[in-house]
Amino acid sequence: MPAKCPRADVQRVDVSEPDGLDVLRHSAAHVMAQAVQQLFEGTKLGIGPYIRDGFYFDFDAQRPFTPDDLKSIEKTMQKIINQGQRFEREVVTLDEAKRQMADEPYKLELLGEGDDAETAAEGAGVEVGGPEITIYHNVDRSGERVWSDLCRGPHVPSTKLIANAFSVMRAAGAYWRGKEGNPQLQRLYGTAWPTKDDLKAYKERLAEAERRDHRRLGRELDLFSFPEEIGSGLSVWHPKGGLVRGIMEQHARTKHLQGGYTYVYTPHISKADLFAASGHLANYKDDMWPAISMDEETDEDGNVTKQGQDYYLKPMNCPMHILIYKERGRSYRDLPLRFAENGTVYRNERSGALHGLTRVRGFTQDDAHLFVRPDQLEAEVTKVVEFVVDLLRDFGLEQFELELSMKDDDSGKWVGSEEYWESATQALRNVAVGSGLKMTEIPGEAAFYGPKIDLKVTDAIGRRWQLSTVQVDPNLPERFELEYTAEDGSRQRPIMIHRALFGSIERFFAILLEHYAGAFPHGWHPFRSGDSGG
RNA sequence: GCCUCCAUAGCUCAGCUGGUAGAGCGUUCCACUCGUAAUGGAAAGGUCACCGGUUCAAAUCCGGUUGGAGGCUCCA
């Protein structure tokens, strides 16, 4: 369905090309906004960009949209589309833009921001941010401008191109410009495709994802549940789920032992002092469960007669592994030391962030902390990356890529010397390049104490998940004053490597469950009988 | 945490504007047996999430709590 070019200065793009599809969707967003303002007078416009698989538009509406509203909006869109409105581009001055957008406070705000708007919010770049300010008008057959929006464009020549392959999907709240402190707008998500068949295929893809949803499969196959009596985000594993999980853990354990790891065990809670020393109470407290107060005694008047202790559920295992390291003097001959633990940690995730097994409040990390000499860093990280990929392949995952998270120039955000960052980053880069996997460098995404390599996996239906992470950390060894005796008898500080392969065992299980659509490979799924088609 | 929506049998859901509950699947039993997640018959299963309010009367209306869904934000 090639777009016809009515004017010479219009560039021709086919809607079957990715760029063309974006234009189509952004145009559909304009049509949707026009429909909304037609149906609900006084609704103010936010932004309305294209996104993966569709588009959205934010509105400041008098009242939230109901499911019925979505239907009528879709109908009105169809009418507008059938009118065959043209999109007309007008270059305007800032003053003129402000005049035309006088009734649109959010647009005025964007105009006031000028060039900053590009980075201010996802999609804001489609509104302004080009070299000149433009307004796009929808013009009906009589030549009358029926609707306008501040927009960088481009758009399809006629609304007819949106044809029948569009759909208003759902309504949701969204903060203006993505900031939690800002007012919440009503966002409508929609989708648009070149043909009806494409739309149908897209909806089929959504249905397939729903069929594979691990929450549904977990219930249907009797694998795990989240009893309300226990608390949200806290899972229990039923016999069948426990059997599969046990097989996974068993296999990983065998591999770890072969790979030179030793297993350690640590408790779920600790006195506050430990997390004060590690810095977690200073930097991570909001994500930790509230303290458990122990042993405090008071007299009849309520005066404290015996000082109590605060205990915290551990959000991470590292401080406890460090204490194991510190239990005795270490020699350079002992390193690398590799402490592994399937350690259950607890994090106070905000209620709205919880999602099945992939985002929970209590989960088990297949965690390990490696203590290495600086000169062993690169070799050890190489070994870890090979180990990760090898193990994940055992579980049937095939498509991997790496992300190298580095520091950026934003001073004050990072601790450690320039030389340290330079050498650690270079070591990780060498490893990543040497792995032969696709690698992307991401400045500014490092942990505050060091660079990291994250491994992303693509599953059977094309979704990408972050699983493994390998982080270089000289900070905790510093805080806990870790040492080893070097060959020359001097005391040296080891570097620590944090690494998890599955990330969270629960989450990894969920990912595999969806990857295999519930049909785990033969040999380790207990609940399907007979059929070998699996 | 915020916005919107939701909470009825193990599961999926119906129950219009208030008058003490229904279906399909599943389960159990019987029969049949060649029954590919779909053979026939019968039965059991719910203080309609919880707490409070309005009312002669609440699954139904109102408030709160808990839990869930889709987003936003967050995920050093």
Side-chain angles (χ1 to χ4, degrees), chain A residues 46-47 51 54 56-61 63-70 121-123 168-190 206 209-211 213 215-222 225-235 238 275 278-288 315-316 318 345 347-356 358-361 363 365 405 407 410 413-415 444-452 454 465-467 469 471 473 475-476 498 500 503-504 507 517-519 527-533:
Chain A
I47 59 171
I51 52 174
Y56 69 78
F57 216 113
D58 288 342
F59 302 97
D60 188 351
R63 61 166 177 84
F65 299 113
T66 66
D68 282 343
D69 291 339
L70 301 197
E122 183 203 356
V168 179
M169 304 296 283
R170 64 175 69 91
Y175 299 109
W176 167 237
R177 310 181 80 173
K179 294 206 180 100
E180 215 171 337
N182 283 346
Q184 196 148 28
L185 305 180
Q186 295 294 315
R187 174 172 298 178
L188 290 179
Y189 282 94
L206 293 182
E210 195 182 320
R211 277 191 289 277
D213 190 310
R215 292 167 301 180
R216 163 200 287 261
L217 290 172
R219 186 175 54 238
E220 286 176 355
L221 301 176
D222 195 15
S225 59
F226 292 87
E228 190 177 329
E229 294 85 338
I230 295 179
S232 69
L234 299 168
S235 62
H238 305 185
F275 298 118
S278 67
H280 285 104
L281 279 177
N283 302 313
Y284 204 76
K285 192 169 185 195
D286 287 349
D287 294 296
M288 292 169 66
M316 295 186 192
C318 22
V345 297
R347 297 183 185 177
N348 187 17
E349 300 288 350
R350 293 157 86 173
S351 57
L354 299 173
H355 184 90
T358 63
R359 195 80 183 271
V360 289
R361 286 188 171 146
F363 62 98
Q365 295 180 309
S405 296
K407 82 191 264 286
D410 182 1
K413 195 170 162 188
W414 319 103
V415 302
E445 279 300 302
F448 70 91
Y449 47 73
K452 60 176 181 171
D454 291 325
W465 300 88
Q466 183 187 317
L467 292 179
T469 179
Q471 304 186 8
D473 179 11
N475 177 57
L476 281 177
H498 306 250
S504 134
R507 184 161 166 276
F527 32 76
R528 287 180 74 216
S529 58
D531 172 38
S532 60

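Worth knowing before you read on, the calculation uses all heavy atoms, side chains too, and leaves out hydrogens, waters and symmetry mates. Chain letters run A, B, ... following the sequence lines, proteins first, then strands; residues in each count from 1.
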Answer with base, sugar-phosphate or nothing: what part of the nucleic acid does A:Glu349 contact at a heavy-atom distance below 4.0 Å?
nothing

Same-atom distance (P) from B:rC62 to B:rA43, integer angstrom
38 Å

What's the separation between atom CE in A:Met169 and atom CG in A:Leu188, rounded to the nearest 0.5 Å?
12.5 Å

If you measure from the P atom in B:rC56 to the same atom in B:rA14, how many Å do you get, rounded?
32 Å

With heavy atoms under 4.0 Å as the rule, sort A:Arg219 into base, sugar-phosphate or nothing.
sugar-phosphate

Under 3.5 Å donor-acceptor pair, A:Tyr175 side-chain atoms to B:rG1 base atoms:
yes

How would you label the contact of A:Ser232 with the nucleic acid (heavy atoms, under 4.0 Å): base, sugar-phosphate, or nothing?
sugar-phosphate

Determine whether A:Lys452 and A:Asp454 satisfy the following criterion, salt bridge (Lys or Arg N to Asp or Glu O under 4.0 Å), listing intermediate values before the conclusion.
CA-CA 6 Å; A:Lys452 60 176 181 171; A:Asp454 291 325; 3.5 Å; yes

Taken to the nearest whole Å, CG/A:Asp222 to C1'/B:rG26 is 13 Å

Measuring to OP1 and OP2 of B:rU73, would you say a side-chain N or O of A:Arg177 lies under 4.0 angstrom away?
no

With rounding to whole Å, what would you report as the distance between B:rG15 and B:rU33 at their C1' atoms?
39 Å

To the nearest angstrom, how far is A:Leu354 atom CG from B:rC75 atom C1'?
12 Å

What's the closest nucleotide to the A:Glu228 side chain, out of B:rG71, B:rC74, B:rG67?
B:rG67

How many whole angstroms separate atom NZ of A:Lys179 from atom P of B:rG1?
24 Å

Looking for any heavy atom pair under 4.0 Å, which part of the strands does A:Arg350 touch: base, sugar-phosphate only, or nothing?
base

Output, in order, the C-alpha distance, side-chain angles, deciding distance and verdict of side chain to side chain donor-acceptor pair (under 3.5 Å) for A:Arg361 and A:Ser232.
CA-CA 8 Å; A:Arg361 286 188 171 146; A:Ser232 69; 3.2 Å; yes

Distance, nearest 0.5 Å, that separates CG of A:Leu206 from CZ of A:Arg211:
10.5 Å

Quantified in whole Å, what is the C1' atom distance between nucleotide B:rA9 and nucleotide B:rG52?
26 Å

Round to the nearest Å and state the distance from A:Arg187 atom CZ to B:rG70 atom P.
16 Å

Whole angstroms only, please: what is the OH-P distance between A:Tyr284 and B:rC74?
15 Å

B:rG70, OP1 or OP2 - any side-chain N/O from A:Arg215 closer than 4.0 Å?
yes

I want to check one thing: is the phosphate of B:rG70, taken as OP1 and OP2, less than 4.0 Å away from some side-chain N or O of A:His355?
yes

Write down the distance separating the C1' atoms in B:rU12 and B:rU66, rounded off to the nearest Å.
23 Å

Is the base of B:rC75 touched by the side chain of A:Arg507 through a donor-acceptor pair closer than 3.5 angstrom?
no

Touch class at under 4.0 angstrom, heavy-atom based, for A:Tyr189 against every strand present
sugar-phosphate

If I take atom CH2 in residue A:Trp465 and atom C1' in nucleotide B:rC75, what distance separates them, rounded to the nearest angstrom?
14 Å

Quick one: A:Asp60 CG to B:rC3 C1', roughly how many Å, whole number?
13 Å

Derivation and outcome, side-chain contact (heavy atoms from CB on, under 4.5 Å), residues A:Asp287 and A:Asn348:
CA-CA 5 Å; A:Asp287 294 296; A:Asn348 187 17; 5.8 Å; no

Using atom CD1 of A:Ile47 as one end and atom P of B:rG71 as the other, report the distance to the nearest whole Å.
18 Å

What integer number of Å spans the P atoms of B:rA38 and B:rU28?
14 Å

Contiguous Watson-Crick or G-U pair runs (3 or more, under 3.5 Å) in RNA chain B
B:1-7 with B:66-72, B:10-13 with B:22-25, B:27-31 with B:39-43, B:49-53 with B:61-65

B:rU54 and B:rG64: how far apart are their C1' atoms, nearest whole angstrom?
15 Å

Quick one: does A:Arg187's side chain have a donor or acceptor within less than 3.5 Å of a partner on A:Phe57's backbone?
no

What contact category does A:Arg216 fall into here, base, sugar-phosphate, or nothing, at under 4.0 angstrom with non-hydrogen atoms?
nothing

